[in-house]
Amino acid sequence: MSKLLIPSLDRRGFLSGAAALAAGATLPSGVLAKAPLANSQVPYYYRFMLGQAEITVVSDGPLPLGDPGSSFLGLPKEQVYGLLETNFLPKDNVVLEQNIPIVNFGDRLVMFDTGMGFSKAFGPTTGRLLKSMQEAGIDPASVDAIVCSHAHIDHTGGICSAEGKPNFPNAQIYISQVDHDYWLDDARLGSPFKAFGEHARANLRPVRDRIVFFKDGQEFLPGITAISAPGHSPGHTIFNVSSGGKSFTFLGDLTHHPILLTENPRVEFAYDWDPKQSVQSRVRLLTMLAEQKIPVMSYHFAWPGFGNLAKAGDGFRYYPAPMQMLRG
């Protein structure tokens with residue numbers, strides 16, 4: 001067998017040869033690999049199955065909170081900034097998502113929370129719910145139930161239009177009576193949370209005849225069970241959602257951030273009604289969810305907010321679930 005001879009090259013010879021090759025390998029005149037910028041994005045929804053139910057997650061749009069050192073309390077600001085930088089997140093502005101799951105049980109359509117609606121208290125990127133639903137092909141009139149974790153401005157804000165007309169004309173509204181009564185109390189109008197009280201009134205009063213109150217531990221709709229989680233709001237509630245032997249828990253505002261309030265669950269949040277009670281609820285319920293390995297849907301985590309929790313030191317680690325883009 002003949003032996004293939006390869007001439008040896010030193011480093012200088014190799015580099016000079018490569019440069020000569022590159023100089024001679026020019027593209028034909030007029031041929032350029034270029035294309036116009038798309039300047040567009042994919043529709044803002046995502047679907048997956050839960051047992052026999054189909055979940056469509058739609059977004060009300062990103063919600064920027066601004067300086068994290070002013071919102072996440074109990075740690076020195078530089079430590080808050082350091083935690084964000086360590087996790088490759090910007091330290092000058094915390095941006096939360098607004099992930100709204102719409103669950104199609106086959107015989108009914110149930111939506112959890114409704115976003116900011118017409119309020120622009122947190123900037124122009126919110127209030128996208130109806131557009132996202134349109135992109136997903138879901139008619140607001142087909143929603144049978146809206147389940148509210150609490151009555152804050154970014155959770156009940158999309159129930160009605162600025163004119164007081166219900167955006168979901170056939171939906172019953174489910175909420176904790178404690179939260180309903182607290183945020184519609186006249187006393188809220190003279191508090192630092194005045195805007196929250198005004199927005200709760202604008203969205204809940206026009207649909208008062210459709211509001212149904214649930215209790216802690218009650219399966220108030222088939223496959224949906226309320227779990228009391230007070231602190232962020234007086235009647236804040238999370239929900240277990242189940243179908244065909246599968247389940248997940250919708251966290252509402254139990255934790256707003258996967259690093260600052262999940263890995264560090266004893267950090268306090270400036271928007272909590274009772275920060276100490278909020279920490280107690282967060283630690284207790286995240287412990288339960290992690291120990292029982294129950295999947296979670298977070299309203300404010302990065303899109304689409306679905307994943308799992310595991311105990312990690314004194315806190316918890318959130319593991320985002322891979323998105324399933326192909327369905328057989």
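Since this is a predicted model, take the numbers as computed values, not measurements.
Proximity of a side-chain donor or acceptor of Asn240 to a complementary backbone N or O of Thr225 within less than 3.5 Å is not detected. A donor-acceptor pair is defined here as one N or O able to donate and one able to accept, closer than 3.5 Å; such a pair exists between the side chain of Ser243 and the backbone of Gln52. At distances below 3.5 Å, at least one donor-acceptor pair connects side-chain atoms of Glu219 with backbone N or O atoms of Gly223. For the pair Asn104 (side chain) and Ala53 (backbone), a donor-acceptor distance under 3.5 Å is absent. Of the possible polar contacts, one joining the Tyr318 side chain to the Phe306 backbone as a donor-acceptor pair under 3.5 Å is found. No donor-acceptor distance shorter than 3.5 angstrom exists from the side chain of Tyr299 to the backbone of Gly305, with no hydrogens or angles considered. Under the 3.5 Å distance criterion, the side-chain polar atoms of Ser228 are left unmatched by any main-chain donor or acceptor of Ala226. With hydrogens and angles ignored, the 3.5 Å screen pairs no side-chain donor or acceptor of Asn308 with any backbone N or O of Ala321.
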Pair Asp314, Arg266 - check side chain to side chain contact (heavy atoms under 4.5 Å, CB included), show working.
CA-CA 9 Å; Asp314 291 333; Arg266 291 166 182 83; 4.2 Å; yes

Test side chain to side chain contact (heavy atoms under 4.5 Å, CB included) on Ser149 and Phe239; report intermediate values, then the result.
CA-CA 8 Å; Ser149 60; Phe239 306 96; 4.1 Å; yes

Before giving the answer on side chain to side chain contact (heavy atoms under 4.5 Å, CB included), spell out for Phe122 and Asp154 the whole-Å C-alpha distance, their side-chain angles and the decisive distance to 0.1 Å.
CA-CA 9 Å; Phe122 290 96; Asp154 55 327; 5.6 Å; no

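Nearest heavy atoms, Ser281 versus Ala229: OG-C, 3.6 Å. When all heavy atoms of Arg210 and Asn170 are compared, the closest pair comes out as NH1-N, 4.1 Å. In this structure, Ser119 and Thr126 approach most closely via the heavy-atom pair O-OG1, 3.7 Å.
Within 6.0 Å of NZ on Lys194 lie no more than 12 heavy atoms contributed by other residues, nucleotides or ligands. More than 12 heavy atoms of other residues, nucleotides or ligands sit less than 6.0 Å from atom NZ of Lys311.
Each of Tyr271, Tyr182, Trp183 was evaluated against His152; a single residue qualifies, Trp183, per the ring-ring contact (aromatic ring centres under 6.0 Å, His included) test. Just one of Leu130, Val143, Ile146 meets the side chain to side chain contact (heavy atoms under 4.5 Å, CB included) condition when paired with Thr114; it is Ile146.
Counting heavy atoms from C-beta on, the side chains of Tyr174 and Val110 never come closer than 4.5 Å. Counting heavy atoms from C-beta on, the side chains of Val94 and Phe72 come closer than 4.5 Å. Looking at heavy atoms from C-beta onward, Ile55 lies in side-chain contact with Phe248 at the 4.5 angstrom threshold. The shortest distance between side-chain heavy atoms of Trp303 and Asn99 falls below 4.5 Å. A 4.5 Å side-chain heavy-atom check between His155 and Cys148 finds every atom pair outside the cut-off. Inter-residue side-chain proximity for Met49 and Glu54 is flagged as met; some heavy-atom pair is nearer than 4.5 Å.
The aromatic ring centres of Trp273 and Phe193 sit 6.0 Å or more apart.
Arg188 has no carboxylate O lying under 4.0 Å from a charged side-chain N of Glu198, or vice versa, which leaves the two without a salt bridge.
With values rounded to the nearest 0.5 angstrom, Leu260 atom CG is found 6.0 Å from Leu83 atom CG. To the nearest 0.5 angstrom, Asp272 atom CG is 6.0 Å from Arg282 atom CZ. Taken to the nearest 0.5 Å, the CG atom of Leu309 stands 6.5 Å off from the CG atom of Leu251.
Ring pair His150/His236 is perpendicular by interplanar angle, where above 60° counts as perpendicular and below 30° as parallel.
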